[in-house]
Amino acid sequence: MYLEFVNQVVSVLENAVQRAGFEPVEIAPEPSQHADLSSRVAFKLAAVVRKSPVEVANQIVENVQLRKNCLIESIGTTGPYINIKASRTYIDRTFETVRSKKEDFGGNFYSGKILLEHTSANPNGPLHVGHIRNSIIGDTLTRILRKTGYDVDAQYYVNDMGRQIAIVSWALEHFEMDPDLKSDHAIANVYIKANARLEDNPQLVEHIDNLMQLVESGDEEVIKRFDDAVDLAVKGIRSTLLRMNVHHDSFVNESGFVRSGEVSDIVDKIRKTGRTYVDDGALVVDLSDYGFEKTLVVQRSDGTSLYTTRDLAYHEWKARQADRIIDILGADHKLISGQLKATLNAVGLKEPEIVIFEFVSLPEGSMSTRRGQFITADELLDKVQARAFEEVEKRRPEMSPEFMKEVAGMVGIGAVRYDIIKVSPEKSTVFDWKAALDFEKQGGPFIQYSHARASSILKKAGEEGIWDPASKPNASVLTDESEITLIKQIALFDKVLKQAADDLKPHIIAIYGRDLADAFNQFYRFSPVLGAETEELRNARLGLVDCARIALANVLDTLGMGAPESM
RNA sequence: GGGCCCGUGGCUUAGCCAGGAUAUAGCACCGGGCUUCUAACCCGGUGGUCGUGGGUUCAAAUCCCACCGGGUCCGCCA
């Protein structure tokens, strides 16, 4: 409904601009605190026609012609600003649309296939609090893009043949795995020990190199050892992801591209561009015309492939699967992803869209699996959920332990996901236990609580026999400020979905969710539902609560957060 | 040394790409609100040279330049 409203406003104002005798300009209306939509075209035109912006705005508005029953109530001016007010039709139709579409409310204006890769952490240990920023951005974007209508395939690219994995494989033969630990945690422990051993005995590096060569050449026994190591780590990583409600459609192994010959194919294609030369035994690509001073190594001097080479092959394959390719990567990949795009461009392949997020570090410095300096996602989730359990126990002592556990699970995951997704990806952050375990702020649980409140009213009304979910109340009796504000806020869902999808910025949805919950809580405070003065008003308000419940549930789902009916 | 990102009240943060109406919200702090649909809530208040200095513009948190502070990257790791 919002997008339709914008289209009507643009169309009406474009006509008015023409009738006023001005040249065509972009209307670009945006919501403002002064009106439902506001346009600043008068400023732009004023510079061209050498009149004052106020005069231009008035001339445009004088030429506005509104149809009856459209979504626009009125168009006026405040100084140079053109302010647009939405009509009753807009309010009523939003109300009806939400209730008829339910969980399908919002989005569905795009189509096409997207292949989105995220997380793809090395299988040398558990996910830590830095990795999950990638997972949560990736999973939330996947949900946003699906909501807007795209068919999205979420993939995890498994590095099953790099140096790190060679070290893990070697480590498993020289150190005992702790059987009491989750497999990915146990892998990290032996991996850390192996790295310490390597540091003291540099001659072992040659042995690791040899393992990598054997894997690349297809030595079945060494491959099996690598695969076993990778499986152990991936199994643990996968369970952590699912615990966070992060879902991948497929896990793609790097080694597949070596064995299928696609890696050597892409190397040949790059060679044919004439950009390659041998430097110190390694094959490098010259990308200086793309602005990269440093060349890109695509083959080691011993002939084996690198992560980058295999990634190029992976992207060639991706390009055949989808209309758009999106990669979620940490800031440390900025240079290499630029080189990857340039190389793909040079061989005439579709380039990925890269979403970069800045680092999460610890107060004592950056995280490192190799040095054993990290906080695992599992530890964070354990502590947050334990903290959430205490909170439910305190607030709902009458409920069953099962209820408490279920709610604590949802609230804990919701709090973590929200805290991570609400911040723009380009901000680097420092992990802080105190902040991570603090629920007293307007975060994920705040939105979930609003949903629980809405559900609770509907449940009670149902029990009292005064609410039929299939009924179609008359929305036009909703005239309180808090009611109108809430409906308009619900209507904005399409706008934020579109913007988040267009800009690939998931935090926009998080901010919206908080504003939506805020609008509902104000309505809750100011407009009694079950105790409304008349039956007609009560029914309309129940309908509005249902709209809010649906909108909140859709937002929560888009953010990958649970929507509790009670908490 | 060079490239990229960030710098907004005590702390966290939106707005910056597409410059315009009193700069967004939370935490903390101060005051008020549960005989009423869940107070994980609501209402009000204190608090900001938008890192610094220049420039462009009728208008700059937003664009340009320089500098300062933090992060990150700079070929055979990923």
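Computation of the quantities below employed the complete heavy-atom set of this structure, encompassing side-chain atoms and omitting hydrogens, waters and symmetry-equivalent molecules. In what follows, every chain begins at residue 1, and chains take the letters A, B, ... in the order their sequences are listed.
For A:D438 and B:A28, a side-chain-to-base donor-acceptor distance below 3.5 Å is absent, hydrogens and geometry of angles not being considered.
Qualifying side-chain contact (heavy atoms from CB on, under 4.5 Å) partners for A:S169, counting only residues two or more places apart in sequence or in other chains: A:R225, A:F226. In terms of the ring-ring contact (aromatic ring centres under 6.0 Å, His included) criterion, residue partners of A:F431 (sequence neighbours excluded) are, by chain and number, A:W433. For A:Y156, the ring-ring contact (aromatic ring centres under 6.0 Å, His included) partners at least two apart in sequence or on another chain are A:H248, A:F251. For the ring-ring contact (aromatic ring centres under 6.0 Å, His included) test, no residue two or more places apart in sequence or in another chain qualifies with A:H315.
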Could you tabulate the donor-acceptor pairs under 3.5 Å formed by side-chain atoms of residues 417-427 of chain A, not counting sequence neighbours?
unit_1, atom_1, unit_2, atom_2, d
A:R417, NE, A:L559, O, 3.0
A:R417, NH1, A:D139, OD2, 3.0
A:R417, NH1, A:M244, O, 2.9
A:R417, NH1, A:N245, O, 3.1
A:R417, NH2, A:D139, OD2, 2.8
A:R417, NH2, A:T140, OG1, 3.3
A:R417, NH2, A:L559, O, 3.4
A:Y418, OH, A:A510, O, 2.7
A:D419, OD2, A:K441, NZ, 3.3
A:S424, OG, A:H507, NE2, 3.4

Atom pairs and distances, side-chain donor-acceptor, residues 523-533 of chain A, under 3.5 Å, sequence neighbours left out:
unit_1, atom_1, unit_2, atom_2, d
A:S527, OG, A:D480, OD2, 3.4
A:S527, OG, A:S482, OG, 3.1

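Remark: ring of A:Y81 stacked against base of B:A21; centroid gap under 5.5 Å, plane tilt under 30°.
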Nucleotide N/O of nucleotides 13-15 of chain B paired with protein N/O under 3.5 Å:
unit_1, atom_1, unit_2, atom_2, d
B:A14, OP1, A:S424, N, 3.1
B:A14, OP1, A:S424, OG, 2.5
B:A14, OP2, A:K427, NZ, 3.0
B:G15, OP1, A:H507, NE2, 3.2

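Taking a pair to require two hydrogen-bonding distances under 3.5 Å in either a Watson-Crick or a G-U wobble arrangement, B:C63 pairs with B:G55. Across the strands present, B:U24 finds no partner; the criterion is a Watson-Crick or G-U wobble pair with both atom distances under 3.5 angstrom.
Within residues 118-135 of chain A, the residues having any heavy atom under 4.0 Å from RNA chain B are, by residue number, A:N122. Within residues 33-47 of chain A, the residues having any heavy atom under 4.0 Å from RNA chain B are, by residue number, A:Q33, A:H34, A:S38, A:R40, A:F43. Residues of residues 541-549 of chain A that place a heavy atom closer than 4.0 Å to RNA chain B do not occur.
Applying the ring-ring contact (aromatic ring centres under 6.0 Å, His included) rule to pairs touching residues 28-58 of chain A yields A:F43-A:Y81, sequence neighbours excluded. Listed by first then second residue, pairs satisfying salt bridge (Lys or Arg N to Asp or Glu O under 4.0 Å) with a partner in residues 287-296 of chain A read A:R275-A:D289, not counting sequence neighbours.
Straight-line distance from the CD atom of A:E463 to the C1' atom of B:C37: 12 Å, rounded to whole Å.
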